[in-house]
Colleague: 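Dropping a structure here in structure tokens format, bear with me for questions.
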Amino acid sequence: MSGPSTYVPKSALGRWFESRLPIGGLIHSSFVVYPTPKNLNYFWAFGGILSLMLVAQIITGVVLAMHYTPEATMAFSSVENIMRNVNYGWLLRYLHANGASMFFFAVYVHIFRGMFYGSYKAPREVLWILGVIIFLLMMATAFMGYVLPWGQMSFWGATVITNLFSALPGIGEPIVTWLWGGYSVDNPTLNRFFALHYLLPFMIVGVVILHVWALHVTGQNNPAGVEVKSVERDTVPFTPYATIKDAFAMVVFLILYSWFVFYVPNYLGDADNYIVANPLVTPAHIVPEWYFLPFYAILRSIPSKLGGVIAMFGSIAILAFLPWLDTSKIRSGRFRPLFQIFFFGFVIAAMGLGYLGSKPPEGAYVIAGRLLSVYYFAYFLVILPLLGLFETPRTLPATIADDVLAKGGSAILAGAAQAPSTKG
Ligand code: HEM
């Protein structure tokens, strides 16, 4: 059934090409016969959804760039021109802007999935760290992309965030001047952000290729967190099983994406960004896009600027150390009762920080932000290291096939096709 590739192209031309560049065999072994754990749930569809979104962002972005002008006096009006005069320009722009939100939504589900099922644990540490690098590149890309329409929030968001580097003692100010290409956010800043916003997605593609390569070396984790013991009993071939399931999940995801694009295209945006950038007028509240809000809240919950900057970058960097901070021998959160409580606490803390990031930094919001930031870091630095030492896990299924059977799957589903089915 599934196993290593035995791919031989049908046509003579195909065989000629394959013996010179075996790309067909690579695709066949990675996406056709590739053994996929048979107990995967829909959370495992998000890697495919992310790949789709990456391609969608690149295609819409390249076409937008054909009509956009990266120059401070023209950027804003070139975007308005795209919206009003370019054929389907409004669609391209709404797809790209809402696509960024959908991309982040999918990546957060993907990351939380990995955190719950322990997908970062050995032997998948490198796969996980490559994911963290992708996440950083995505954040840099989105941040610079948001500056391009050159609205008020573009300008002031860029000013606030680049200014953070000035907190570094001694070297801070020169670094900020170097980043700006001058003494304030201005045309040189816009130009370089455009160049980098075009470049970084292709770097993301490169790291995604490494990410998927690493995945195919270790094989996928699964909801039970036990490794594949028998390819025959525990896995099914990627095609058609995972291909169809992923395709279905993509369609559902695209419906949600379309709903934003066609019904509420500006819901996730900020009205201030429809006002052209003005260095002399500061908006009342400078708020980043929703997907940055938890980190923004962490930044603002530390009273010192340098401390806030360290905490904010630290809150992302700490993800890379997760494989070593979690001391539990059990991979999947399904079998860790105490972990489940703290994990859901973490999800709520992250969402709470997101909410607080959108509020002005005053009064009870600040106190709540501090408490949730403490929980955020304690989860990684205290709870996970200790939990692995004290927690009594539930009994694991011996194999993936047993896990399917325990959930009421028939013997045939579990791969024991020869045995008579228990369900008739
Ligand atoms: C552009 C962004 C990304 C793309 C296109 C992508 C793609 C994929 C794909 C196709 C898979 C296999 C299918 C699946 O398990 O969902 C996967 C698995 C995985 N990804 Fe990503 N990924 C991205 C970002 C990330 C990030 C940011 C992280 C973590 C910080 C991450 C961590 C993982 C892990 C640990 C797995 C293995 C999951 C398992 O087998 O249980 N990925 N990724």
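Counting starts at 1 for both ligands and their atoms, following the listed order. Values below: all heavy atoms of this structure, side chains included; hydrogens, waters and symmetry mates excluded.
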Colleague: Any N or O on W128 sitting closer than 3.5 Å to an N or O of ligand 1?
Modeller: no
Colleague: Y68 and F194: aromatic ring centres closer than 6.0 Å?
Modeller: yes
Colleague: Please list the nearest protein heavy atom to atom 28 (C) of ligand 1 with its residue and the distance rounded to 0.1 Å.
Modeller: G131 CA, 3.4 Å
Colleague: Is L215 touching ligand 1 with its side chain, its backbone, both, or neither, if touching means heavy atoms under 4.0 Å apart?
Modeller: side chain
Colleague: Give the residue and atom name of whichever protein heavy atom lies nearest to atom 37 (C) of ligand 1, and the separation in Å to one decimal.
Modeller: L127 CD2, 3.4 Å
Colleague: Of V176, L190, T159, which is the lone residue that meets side chain to side chain contact (heavy atoms under 4.5 Å, CB included) with V185?
Modeller: T159
Colleague: Tell me the protein heavy atom at minimum distance from atom 15 (O) of ligand 1, and give that distance in Å.
Modeller: R113 NH1, 3.1 Å
Colleague: Does some non-hydrogen atom of L319 fall short of 4.0 Å from ligand 1?
Modeller: no
Colleague: Quick test: of every protein heavy atom, which one is nearest to atom 14 (C) of ligand 1, and how far off is it to 0.1 Å?
Modeller: W44 O, 3.5 Å
Colleague: Who's closest to atom 17 (C) of ligand 1 heavy-atom-wise, of M53, E125, H110?
Modeller: H110
Colleague: Of the protein's non-hydrogen atoms, which lies at the shortest distance from atom 40 (O) of ligand 1, and what is that distance?
Modeller: N221 N, 2.8 Å
Colleague: Less than 6.0 angstrom separating the ring centers of F380 and Y376, yes or no?
Modeller: yes
Colleague: Pull out every atom of ligand 1 sitting under 4.0 Å from any heavy atom of F103, numbered as shown with elements.
Modeller: 1 (C)
Colleague: Quick one: look up the protein heavy atom nearest atom 3 (C) of ligand 1 and list residue, atom name and how far away it is.
Modeller: L50 CD1, 3.7 Å
Colleague: Which of the atoms of ligand 1 are close to S119, meaning less than 4.0 Å from one of its heavy atoms?
Modeller: 35 (C), 38 (C), 39 (C), 41 (O)
Colleague: For ligand 1, note which part of V107 has a heavy atom under 4.0 Å away: side chain, backbone, both or neither.
Modeller: side chain
Colleague: I'd like to check which ligand 1 atoms, numbered from 1 as shown, lie under 4.0 Å from a non-hydrogen atom of V208.
Modeller: 1 (C), 5 (C)
Colleague: Could you tell me, atom by atom, which parts of ligand 1 come under 4.0 Å of a heavy atom of Q220?
Modeller: 13 (C), 15 (O), 40 (O)
Colleague: What is the closest protein heavy atom to atom 16 (O) of ligand 1, and at what distance does it sit?
Modeller: G47 N, 3.0 Å
Colleague: Hey, does Y120 come in under 3.5 Å of ligand 1, counting only N/O atoms on both sides?
Modeller: no
Colleague: Is a donor on one side and an acceptor on the other found under 3.5 Å between the side chain of R394 and the backbone of R334?
Modeller: yes
Colleague: Can you sort out which atoms of ligand 1 are near F135, meaning under 4.0 Å from one of its heavy atoms?
Modeller: 27 (C)
Colleague: Using modelled atom types and a 3.5 Å cut-off, is there a donor and acceptor pairing between side-chain atoms of H96 and backbone atoms of Q57?
Modeller: yes
Colleague: Going by atom types only, do D326 and Y120 share a side-chain donor-acceptor pair under 3.5 Å?
Modeller: yes
Colleague: Closest non-hydrogen protein atom to atom 32 (C) of ligand 1, residue and atom name please, with distance?
Modeller: H211 CE1, 3.4 Å
